[in-house]
Amino acid sequence: MRRLLPLRRCRLAAPARSSSDQSAMSPALRPVPSSPSPSPSPPLRFPAAAGSLRFGRRLFSSATAAGGREAGFPARESAELLGIPGVGPRNLRKLVDGGFRDLARLKQLYTDKPVGGSTEKMVQFLQSSVGIIHKSHAESITSFVKDNVVRELKEESEVPVMQPTKDRRITFCVEGNISVGKSTFLQKIANETVELHDLVEIVPEPVSKWQDVGPDHFNILGAFYAEPQRYAYTFQNYVFVTRLMQEKESCGGIKPLRLVERSIFSDRMVFVRAVHEANWLNGMELSIYDSWFDPVLSSLPGLIPDGFIYLRATPDTCHKRMMLRSRSEEGSVTLQYLQDLHEKHECWLLPSQHGDRRLLSASQLPYSMDHSLHPDIKDRVFYLEGSHVHSSIQKVPALVLDCEPNIDFSRDVEAKRKYALQVAKFFEYVKKLKEASPAQNIDAKAKNPQILLPHSGCVFLRDGSHLSESGLKPLTL
């Protein structure tokens with residue numbers, strides 16, 4: 001009896017055989033004539049359920065079951081593997097039997113454990129677990145898969161690193177002096193109003209982390225207030241670290257507006273500057289602090305907000321509120337320290353003429369000429385700018401809210417709603433800015449100069465011209 005040809009060649013049309021040859025064949029492999037015509041025999045076809053065709057059943061049974069394809073032809077995704085160097089029909093069978101039915105699965109094998117991007121481990125896996133006999137074949141397959149993975153990673157790296165969800169979200173940093181009312185604002189106004197409740201995710205300042213550090217539960221906040229010269233650098237360093245931890249923890253939220261209590265910018269522009277001027281932080285320590293500021297911003301762009309909300313009150317008001325809340329760590333905080341912090345908030349968050357960093361009263365505010373703003377906030381919004389402002393937040397809009405009056409937000413529902421509406425209008429305004437192109441943003445800001453308040457006398461525009469007193473309106477909140 002003649003030996004049968006290898007089954008992998010049975011896709012080809014069989015040559016004409018004599019009647020003696022056909023009678024010697026196994027009935028399962030004997031071609032079925034379509035007619036008594038003496039024309040050449042049709043291509044051989046094999047029943048998928050034939051017990052002797054183990055290879056055909058193992059390799060192509062899924063294709064037959066899924067779409068009724070004829071047995072002997074690979075599924076489309078499996079046929080993709082034949083384009084990989086080192087993959088022939090035999091190795092294709094082994095890859096499919098091993099669960100690698102397409103290139104995507106091979107790329108996942110290369111990047112995931114136990115291979116983890118190692119070409120050597122990939123070759124070993126293909127030989128020992130998949131059954132690729134020849135090492136050269138395993139190396140060719142691995143090289144092809146690696147090149148595809150590297151190319152895809154390169155293409156992804158050329159696209160701006162911005163998650164779709166994050167790109168749609170708006171982040172505001174809520175700034176203000178100690179005891180100005182940030183916690184009240186975030187809880188009573190942002191968290192308990194119809195206008196903001198479903199819109200906002202609140203990220204409070206990580207004070208609890210500062211009060212409980214390490215296995216000994218060390219209170220670094222209390223230590224700083226008790227011995228500022230000893231703990232100023234250590235405390236500001238840890239504050240910076242907790243801001244980074246907080247950013248990573250809250251960056252995956254789904255609500256469209258994220259309100260973050262304070263920021264690394266207020267840390268640097270207000271608190272680090274204050275302790276440095278008080279000689280609690282020396283020049284070397286300040287240089288070390290600044291050395292990682294820009295690199296961290298580059299790696300975590302979520303730290304740069306889309307806007308600021310500045311809660312504004314006089315130092316005297318903040319001092320009275322601090323005395324009422326009686327936080328144990330703040331017992332040594334003086335009115336003079338609050339005045340210093342207030343001045344630094346003003347210098348950073350409020351524009352001043354010719355870079356004059358003056359101390360403004362809580363009733364004075366720059367007047368914005370941006371007519372696209374809602375009337376409720378048009379005289380409370382301006383853009384950060386100046387040589388003292390970090391380049392990453394130049395032209396970032398800020399909303400200034402008056403927190404001077406003592407309001408019982410548990411009872412005064414109308415006042416609470418008024419503040420919530422202002423934040424909601426500011427959110428809509430910044431959202432439109434973000435959706436516009438960067439060039440449109442710059443043009444819009446250039447066309448809307450802000451009016452600045454000098455120490456006394458008339459009010460000047462940035463181009464040097466001034467408005468008459470009759471043209472002025474009260475600039476109080």
Side-chain angles (χ1 to χ4, degrees), residues 170-177 180 182 243 257-274 290 293-294 296-298 300-312 341-360 362 364-370 372-373 377-403 422-423 425-434 436 438-454 460-462 475 477:
I170 301 294
T171 297
F172 293 157
C173 289
V174 181
E175 307 288 356
N177 208 340
V180 73
K182 295 184 298 299
R243 298 269 190 229
L257 175 59
R258 180 173 58 158
L259 292 181
V260 182
E261 187 174 3
R262 288 214 177 101
S263 64
I264 63 170
F265 297 99
S266 55
D267 290 341
R268 179 60 184 87
M269 296 297 297
V270 177
F271 295 95
V272 170
R273 184 181 161 208
D290 286 340
F293 197 89
D294 287 339
V296 168
L297 274 182
S298 300
L300 286 175
L303 291 169
I304 304 173
D306 301 292
F308 289 94
I309 298 177
Y310 176 29
L311 306 184
R312 195 167 185 246
L341 296 181
H342 176 75
E343 179 182 358
K344 288 169 177 56
H345 275 98
E346 300 284 289
C347 293
W348 168 46
L349 289 167
L350 290 180
S352 57
Q353 189 175 15
H354 307 304
D356 178 24
R357 297 180 179 180
R358 66 199 182 284
L359 177 65
L360 300 177
Q364 291 177 307
L365 282 177
Y367 188 81
S368 173
M369 299 293 289
D370 192 341
S372 67
L373 286 162
I377 60 171
K378 72 182 185 68
D379 57 351
R380 292 177 168 85
V381 174
F382 59 92
Y383 297 96
L384 300 184
E385 57 183 324
S387 58
H388 64 290
V389 177
H390 193 272
S391 59
S392 64
I393 54 174
Q394 290 279 350
K395 302 296 184 181
V396 170
L399 170 69
V400 181
L401 296 179
D402 183 17
C403 292
Q422 290 173 346
V423 175
K425 297 300 181 184
F426 185 52
F427 166 73
E428 293 297 331
Y429 174 70
V430 174
K431 184 180 178 182
K432 290 179 181 178
L433 284 180
K434 193 173 182 180
Q440 289 175 317
N441 289 345
I442 294 173
D443 291 343
K445 295 168 188 177
K447 294 177 182 177
N448 296 298
Q450 298 145 10
I451 298 177
L452 304 176
L453 294 173
F460 289 86
L461 292 171
R462 289 197 181 279
L475 301 181
L477 279 171

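Side-chain atoms are counted along with the backbone in the values below, which use heavy atoms only and exclude waters and symmetry mates.
Partners of K425 under the side-chain contact (heavy atoms from CB on, under 4.5 Å) rule, at least two apart in sequence or in another chain, are H374, I377. Evaluation of the ring-ring contact (aromatic ring centres under 6.0 Å, His included) rule for F427 yields no partner, not counting sequence neighbours. Residues satisfying the salt bridge (Lys or Arg N to Asp or Glu O under 4.0 Å) criterion with R262, sequence neighbours excluded, are E205.
In this structure, S391 OG and L297 CG are separated by 8.5 Å, a value rounded to the nearest 0.5 Å. Atom CG of D402 is separated from atom CD of Q422 by 9.5 Å, given to the nearest 0.5 angstrom. Separation of atoms CG (L384) and CE (M269) is listed at 9.5 Å; rounding is to 0.5 Å. Considering CD1 of I304 and CD1 of I264, their distance stands at 7.5 Å, rounded to 0.5 Å. With values rounded to the nearest 0.5 angstrom, H388 atom NE2 is found 12.5 Å from K344 atom NZ. Rounded to the nearest 0.5 angstrom, L349 CG and L311 CG are separated by 10.5 Å.
In this structure, R268 pairs ionically with D290, as a charged nitrogen and a carboxylate oxygen lie closer than 4.0 Å.
Of the candidates F265, F308, F271, F308 is the only one forming a ring pair (Phe, Tyr, Trp, His ring centres under 6.0 Å) with W348.
Across every non-hydrogen atom of R312 and L350, the tightest pair is NH2-CD1, 3.2 Å.
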Test side-chain contact (heavy atoms from CB on, under 4.5 Å) on V389 and V396; report intermediate values, then the result. CA-CA 10 Å; V389 177; V396 170; over 6 Å; no

I'd like to know whether R380 forms a side-chain contact (heavy atoms from CB on, under 4.5 Å) with Y310, so could you lay out the CA-CA distance, the side-chain angles of the two residues, the decisive distance to 0.1 Å, and finally the verdict. CA-CA 10 Å; R380 292 177 168 85; Y310 176 29; over 6 Å; no

Are V270 and E175 close enough, and set up right, to give a side-chain contact (heavy atoms from CB on, under 4.5 Å), and what steps lead you there? CA-CA 10 Å; V270 177; E175 307 288 356; over 6 Å; no

Stepwise, does the side-chain contact (heavy atoms from CB on, under 4.5 Å) test hold for R243 with S263? CA-CA 7 Å; R243 298 269 190 229; S263 64; 5.8 Å; no

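Residues D306 and L433 have side chains not in contact (no heavy-atom distance under 4.5 Å, counting atoms from C-beta outward). Between H345 and V180, every side-chain heavy-atom pair lies at or beyond the 4.5 Å cut-off. Using a 4.5 Å heavy-atom threshold, the side chains of F172 and L399 count as separate. When side chains are defined from C-beta on, D294 counts as touching H390, because their heavy atoms get closer than 4.5 Å.
A donor-acceptor contact shorter than 3.5 Å is absent between the side chain of E261 and the backbone of C173.
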